[in-house]
Undergrad: 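Shown below is the structure under consideration.
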Number of protein chains: 2
Amino acid sequence: MRIESTLVSVDVLALRFDAAARAVVLGIAPRELEPFAGALALPGVLLGRGERLRDAALRAATGKLGLPEVASTGQLVTFDEPSRDPRGPTLSVALWATVDPAAPADGPVWVPLDAVPPLAFDHNRIVSDCRPLIQDRLWRDAAFTSGLLGREFTTAQALDVTEALTGDRPYPANLGRTMERVPGLHRTTQHAAAQAKGGRPPSVWRWED
Amino acid sequence: MRIESTLVSVDVLALRFDAAARAVVLGIAPRELEPFAGALALPGVLLGRGERLRDAALRAATGKLGLPEVASTGQLVTFDEPSRDPRGPTLSVALWATVDPAAPADGPVWVPLDAVPPLAFDHNRIVSDCRPLIQDRLWRDAAFTSGLLGREFTTAQALDVTEALTGDRPYPANLGRTMERVPGLHRTTQHAAAQAKGGRPPSVWRWED
DNA sequence: TAAATAGTGTCTGTGAGACACTATACA
DNA sequence: TGTATAGTGTCTCACAGACACTATTTA
């Protein structure tokens, strides 16, 4: 294939809340083709002619990570360093994608967002540059937040996700007030099933349909 | 030229503070080539192979608007609607660029950001989608703000710019406190030359080198 | 002095953060 | 009852907004 103009790739930061580990994990996979064959990398595909960014992101999540479905996606930034791909100058549009925590998610390697191993290309830079942008979306971008936590979640899980993304754990009262103000999010009167270790069962929050 | 893959164009929102009109104006120019020849449009160029987004934005500002220089640039968002260009699917990366208010700026048509005429392609949509992103940068992004106001400016100009972008005029005391907290920005002991219409001369603010 | 513009001191309300205290579970 | 977890009431502080009052200029 003769490369005539700038190529565009879409690289995906696939995020999933691992309730058991109380962490937000990033989906990566070993590359099958050169360059960097065998090395871990963000799932990425070349943008097809006329393809939407979101569709390319879904294609990457499905094809490279083997995920059956993705909750929601959104745009982050575009990386334009000409030497970022050894095959030649390539633009990379970074997108986030959230995976429902309840859905099965075998296939990808899931690594905590705070302990991402060395990746192919400039992918470590992409992750670190996008980290603050992702953090900023929590509780502000409803699609992102509901994609990450699922349609229904407990206060405890909300605390865990916030701690995983921002680095420190908010006080329950304060996070509760933040959540009350998120449009479309409501505190229910239900309580989650009791924990293994005992303790008061947390209350449940739910997104409007 | 045979189009093999997705083309990438860079469209620039060139912004300039017009102190006399107390407005922030957007630089546009009639298109010279088809499609939309003769219609007003944002300056845009096709991204060259290996070209940086910033360089393409400068090329657009220089070539299409005839501006001698640009103060600073930055990325906004990428538009991916496949039908946005009748020639075929084209990605458009939107960038802002600021033009020093003191520099001569003949050439482009300058229109107030609040009264943008119908433009070619989806450029009106680009402007309206990017408007909140631009507004958000004022006083938060030092490169953007200093590019728009210049190295030295008065409190009155700061009030005007803020009013032009946000829609309402802050109280001087409040804006002063906001500016005190902007890193690299200092209130000087100088006062500007007196106004034509009389009134107390405004004090001068300056960016650190 | 009047009109026009700029700047200051201070009050208020909102929201984030902090923390002691209360509630509900299991062993 | 003790331990572990969750939730509540309330205090404090920072900051945005509001506004009356003061300051400095031209005519």
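This is a predicted model, so every value here is computed, not measured. All chains are named by letter (A, B, ...) in the order of the sequence lines, taking the proteins before the strands, and each is independently numbered beginning at 1.
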Undergrad: With sequence neighbours excluded, what pairs up with B:Phe79 under the ring-ring contact (aromatic ring centres under 6.0 Å, His included) test?
TA: none
Undergrad: Could you tell me whether the side chain of B:Gln135 and the main chain of B:Pro132 form a donor-acceptor pair under 3.5 Å?
TA: no
Undergrad: Using atom CZ of A:Arg140 as one end and atom P of C:dG15 as the other, report the distance to the nearest whole Å.
TA: 14 Å
Undergrad: In whole angstroms, how far is the C1' atom of C:dA6 from the CZ atom of B:Arg22?
TA: 11 Å
Undergrad: CE of A:Met179 versus C1' of D:dG7: gap in Å, rounded?
TA: 11 Å
Undergrad: Identify whether any heavy atom of A:Arg187 sits under 4.0 Å from a base atom; if not, whether one sits that close to sugar-phosphate; answer base, sugar-phosphate or nothing.
TA: sugar-phosphate
Undergrad: Quick one: B:Asn174 CG to C:dG13 P, roughly how many Å, whole number?
TA: 16 Å
Undergrad: When you match A:Ala173 and B:Ala173 each to their closest nucleotide on DNA chain D, which lands nearer the 5' end?
TA: A:Ala173
Undergrad: Could you name each residue pair satisfying side chain to side chain donor-acceptor pair (under 3.5 Å) that touches residues 97-115 of chain B, not counting sequence neighbours?
TA: B:Ser72-B:Thr98, B:Asp114-B:Arg131
Undergrad: Heavy atoms under 4.0 Å, any strand shown: does B:Thr154 hit a base, just sugar-phosphate, or nothing?
TA: nothing
Undergrad: Which label fits A:Trp207 and A:Phe153: parallel for a plane angle under 30°, tilted from 30 to 60°, or perpendicular past 60°?
TA: tilted
Undergrad: Is there a side-chain polar atom (N or O) of B:Ser203 under 4.0 Å from OP1 or OP2 of C:dG7?
TA: yes
Undergrad: On DNA chain C, check which nucleotide each of B:Trp205 and A:Arg177 is closest to and give me the residue with the more 5' one.
TA: B:Trp205
Undergrad: Given atom CG of A:Leu175 and atom P of D:dT5, what is their separation to the nearest angstrom?
TA: 18 Å
Undergrad: In whole angstrom, give the distance that lies between atom CD of A:Gln190 and atom C1' of D:dA6.
TA: 16 Å
Undergrad: Please test A:Thr73 against A:Trp96 for side chain to side chain donor-acceptor pair (under 3.5 Å), starting from the C-alpha separation and ending with a verdict.
TA: CA-CA 5 Å; A:Thr73 62; A:Trp96 57 262; over 6 Å; no
Undergrad: NE2 of A:His191 versus C1' of D:dT5: gap in Å, rounded?
TA: 13 Å
Undergrad: Determine: side-chain N/O of A:Tyr171 to OP1/OP2 of C:dA16, distance under 4.0 Å, yes or no.
TA: no
Undergrad: Over how many whole Å does the gap from A:Arg169 atom CZ to C:dC19 atom C1' extend?
TA: 16 Å
Undergrad: Between D:dT5, C:dG9, C:dT5, which one does the side chain of B:Arg200 approach most closely?
TA: C:dT5
Undergrad: Any side-chain N or O of B:Thr178 under 4.0 Å from OP1/OP2 of D:dC15?
TA: no
Undergrad: NA contact type, A:Arg181, heavy-atom cut-off 4.0 Å: base, sugar-phosphate, or nothing?
TA: sugar-phosphate
